[in-house]
Engineer: 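First, the structure itself, so that you have it in front of you.
Excluded from the calculations below are hydrogen atoms, water molecules and symmetry mates; all remaining heavy atoms, backbone and side chain alike, are included. Since this is a predicted model, take the numbers as computed values, not measurements. Sequence lines set the chain letters: A, B, ... in the order given, protein chains first and strands last, and positions in each chain run from 1.
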2 protein chains.
Amino acid sequence: MVRKEITIKDVARLAECSPTTVSRVINNSEHPVSKDTAEKVEAAIKRLNFSPNRIAQGLKNDKSNIIGVIVHDICDSYFAQMIKGMEEFISEHEYIVNIYNTSRDVDKELHAVNMLKANRADAVVFAAGALMDKRYEREMYNVVEQLKSQGTILLGVTPHPFAIKNISLANQKAAEMITDYAIENGHQKIAFISGPQNLYTSYLRKQGVIKSLENHSLQFKQELLFEGDFTFEGGRKAALSLLNKIDQITAVVAANDATALGLIWELNNQGVKVPAEISVLGIDDLPEAKYSYPPLTTISLPIYNLGTNIGEYLLAQLNEEYDINIKPVEPKLLTRDSLKNIE
Amino acid sequence: MVRKEITIKDVARLAECSPTTVSRVINNSEHPVSKDTAEKVEAAIKRLNFSPNRIAQGLKNDKSNIIGVIVHDICDSYFAQMIKGMEEFISEHEYIVNIYNTSRDVDKELHAVNMLKANRADAVVFAAGALMDKRYEREMYNVVEQLKSQGTILLGVTPHPFAIKNISLANQKAAEMITDYAIENGHQKIAFISGPQNLYTSYLRKQGVIKSLENHSLQFKQELLFEGDFTFEGGRKAALSLLNKIDQITAVVAANDATALGLIWELNNQGVKVPAEISVLGIDDLPEAKYSYPPLTTISLPIYNLGTNIGEYLLAQLNEEYDINIKPVEPKLLTRDSLKNIE
DNA sequence: TTGTATGCGTTATCAA
DNA sequence: TTGATAACGCATACAA
């Protein structure tokens, strides 16, 4: 297959003018163009179905129009929603949304950043939480510095161990809020299902739980800490290992909704009544959280909105409008039916 | 922020050679380069953290390295899985995966294609099913022709009303299979919850149901056709409108799993026992389908694998290896517990 | 084995 | 109001 690209020159030939003039018409340039030629150019453009080569424009203007987005798992609603929110805003404004799915793998994460560097991305969003890994931190730091000196705009959702603007997602606060709620409803024997070990987000959410307990003069008990991985399956497994300590527990806070949903499912499966015998709480408010049995009490983190806010912020930055801030997104308690008041 | 890009020239200066030589080293060119200079170049590259500007390379080589993917809703597991599969393959090979989320909107769909044209995408995947809309068909046809003459490789998942290679996803066959299964289990009074009206995929799945019924000398009854929209919410609504005809129905085939899951949820909610009082069947095998109450009997369409197969195919095409075919992906019946044998 | 000149498609600068 | 020319970063044909 032979590429036969239509260029500004073809348009110029047809409109009987110079490429320069065509360029002026295309870009609504300040530089005056007579109405007559402008019309001829427009006609030629239409006739040839010409659209200017954005790649070439980019080369000239020192812009790639690429916005990179790094996520852990696009199949996870959390990331899917964020991407959708960003995409909504960004591709409307003629930017290319370039997704990387890293499965929390250090190499893939580095590969993504290096590609983005090679493609001279205009902006990179670290939508995925930072990995807690020495090599990741070290090598990321380097590439990020290189991206910076290229002029790439960088943005992290949740804190990252390199100097870029980070949006706090209130992870810790969310975990604190949901734990507070449990305690206010008379729960003291609270288990926690963690997220993946190597993820900073996991760490923050755990800290939130600990803080809430401390604020209420309660102690975080290591034996009531179970490991999860932010997935439904992980929640199911946690439910199983939780089973033989069930008399020591009245409520379980899961590090995220996917985990909580898995918990509820497996508890039901094992004949343990939620919330009659044990309360289950989540964080995120996934779309499916309201359809579990019972509907999940959780903290809403409006991720889709976060996505659009990020998009808005990036565009402002890219247009060099400086004093713009990212609109914050507030966690909100959603009381449904998976918690029982036991006071 | 000033962009200060490191270029091949900087490397040349540091390595005390010409840019041409640097280019040869970068590209492992056939053209001989002395070991000595090669090493100097490598050293300079490392020292400057240089990576060649892929955009500029693309301009020169007539490649954008962009692969566009058009989906309806990235939050829908179906699309998320397909993208994940493709991404796995594609970004590993230094391509840019450029996602467009169109929400089945004709304008957004056209916008996406036009952007992809302007960016001289190397390939475009129409992962989203075609819309049944006159303007869509007409304007899409035009842009697609223009993409073709630009040399863009085009691929559609499920048939599209313009001349591109389409991978059949066995939509019709899947619907036929699941309906066959219901009939084989003694069901004759079968309702169908459709997908969105304007979607060709919906049409195909409906045809599959009709064909199965006809093959068994049964009639498709218009009054047992309910409208859905491929979403959980749509399934819930369908359940409600289905309620007053429930004595005329023993099984419901939903156009997809999301719908089936919504159906089951709302039926449970209304106190209708699945499958004791009514059987519910889906198509897709979403990850969550095995966690409904009862677990959903459905047809698996291994979408993630389809994604990787598409990726593999595209790369072969882009490398001009011609006689490659897309590995087909076979629908498979997954019998779980949402159907009752009533023979 | 190395380097110079040219061009990819576009736009900014300058001159007319 | 228009256009010729150079340049963005890179790779290739050609010359040395």
Engineer: OG/A:S51 to CE/B:M115 distance, rounded to the nearest 0.5 angstrom?
Structural biologist: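 If we round to the nearest 0.5 Å, A:S51:OG and B:M115:CE are 11.0 Å apart.
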Engineer: So that I can tick it off, tell me whether B:R135 and B:D107 are bridged by a salt bridge, with the cut-off set at under 4.0 angstrom between side-chain N and carboxylate O.
Structural biologist: yes
Engineer: If we check side chain to side chain contact (heavy atoms under 4.5 Å, CB included) with B:V125, which of these qualifies: B:L314, B:V97, B:V71, B:I70?
Structural biologist: B:L314
Engineer: Between A:K35 and A:E42, does any side-chain N to carboxylate O distance fall below 4.0 Å?
Structural biologist: no
Engineer: Considering non-hydrogen atoms only, spot the tightest contact between B:L110 and B:E139 and give its length.
Structural biologist: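 Where B:L110 meets B:E139 most closely, the heavy atoms are CD1-OE1, 3.4 Å.
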Engineer: Under a 4.0 Å threshold between the charged nitrogen and the carboxylate oxygen, would A:K84 count as salt-bridged to B:D73?
Structural biologist: yes
Engineer: Mind calculating the distance between NE2 (B:H31) and P (C:dT1) to the nearest angstrom?
Structural biologist: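 B:H31 atom NE2 is separated from C:dT1 atom P by 9 Å.
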Engineer: How long is the span from the NZ atom in A:K40 to the OG1 atom in A:T21, to the nearest 0.5 Å?
Structural biologist: 10.5 Å
Engineer: Distance from A:S77 atom OG to A:I303 atom CD1, nearest 0.5 Å?
Structural biologist: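 Nearest 0.5 Å value for the OG-CD1 distance: 10.5 Å.
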Engineer: Hey, mind stepping through B:F79 and B:N101 against side-chain contact (heavy atoms from CB on, under 4.5 Å) and telling me if it holds?
Structural biologist: CA-CA 10 Å; B:F79 291 115; B:N101 198 89; over 6 Å; no
Engineer: Give, for atom CG of A:L169 and atom OH of A:Y78, the distance between the pair rounded to the nearest 0.5 Å.
Structural biologist: 4.5 Å
Engineer: For A:K63 and C:dT11, what is the distance between atoms NZ and P respectively, to the nearest whole Å?
Structural biologist: 13 Å
Engineer: Contact class for B:V33 vs. all strands (heavy atom < 4.0 Å): base, sugar-phosphate, or nothing?
Structural biologist: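 Sugar-phosphate, no base atom in range.
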Engineer: Provide the full list of ring pair (Phe, Tyr, Trp, His ring centres under 6.0 Å) pairs with a residue in residues 107-132 of chain A, sequence neighbours left out, each pair given once.
Structural biologist: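 Ring pair (Phe, Tyr, Trp, His ring centres under 6.0 Å) check on residues 107-132 of chain A returns A:F126-A:H160, A:F126-A:F162.
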Engineer: Given C:dG9, is OP1 or OP2 found less than 4.0 Å from the side-chain N or O atoms of A:Q57?
Structural biologist: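 It does not, given that no N or O in the side chain of A:Q57 lies less than 4.0 Å from OP1 or OP2 of C:dG9.
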Engineer: Check A:L131 against A:E109 and note the closest heavy-atom contact, atom names and distance.
Structural biologist: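 The answer is CD1-OE1, 4.0 Å.
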Engineer: Does anyone know the first and last nucleotide of DNA chain D in reach of chain B, 5' to 3', at under 4.0 angstrom to a heavy atom?
Structural biologist: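 On DNA chain D, the outermost contacted nucleotides are D:dC8 to D:dC14.
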Engineer: Using a heavy-atom cut-off of 4.0 Å across all strands, would you classify A:S29 as base, sugar-phosphate, or nothing?
Structural biologist: nothing
Engineer: Heavy atom of residues 39-54 of chain A under 4.0 Å from DNA chain C: which residues?
Structural biologist: A:F50, A:P52, A:N53
Engineer: Looking at five pairs on each end of the helix from C:dT1-D:dA16 to C:dA16-D:dT1, what is the angle between the two axes, given to 10 degrees?
Structural biologist: 50°
Engineer: DNA chain C: B:T37 or A:I8, which has the more 5' nearest nucleotide?
Structural biologist: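 Result: B:T37.
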Engineer: I'd like a table of atom pairs between the protein and nucleotides 4-8 of chain C - only N or O on both sides, under 3.5 Å - with the distance next to each one.
Structural biologist:
unit_1: C:dT4; atom_1: O4; unit_2: B:T20; atom_2: OG1; d: 2.9
unit_1: C:dG7; atom_1: N2; unit_2: B:K60; atom_2: NZ; d: 2.8
unit_1: C:dG7; atom_1: N3; unit_2: B:K60; atom_2: NZ; d: 3.2

Engineer: Under the rule for side chain to side chain contact (heavy atoms under 4.5 Å, CB included), what residues qualify as partners of A:A43, not counting sequence neighbours?
Structural biologist: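 Scan of A:A43 (side chain to side chain contact (heavy atoms under 4.5 Å, CB included), adjacent residues dropped) gives none.
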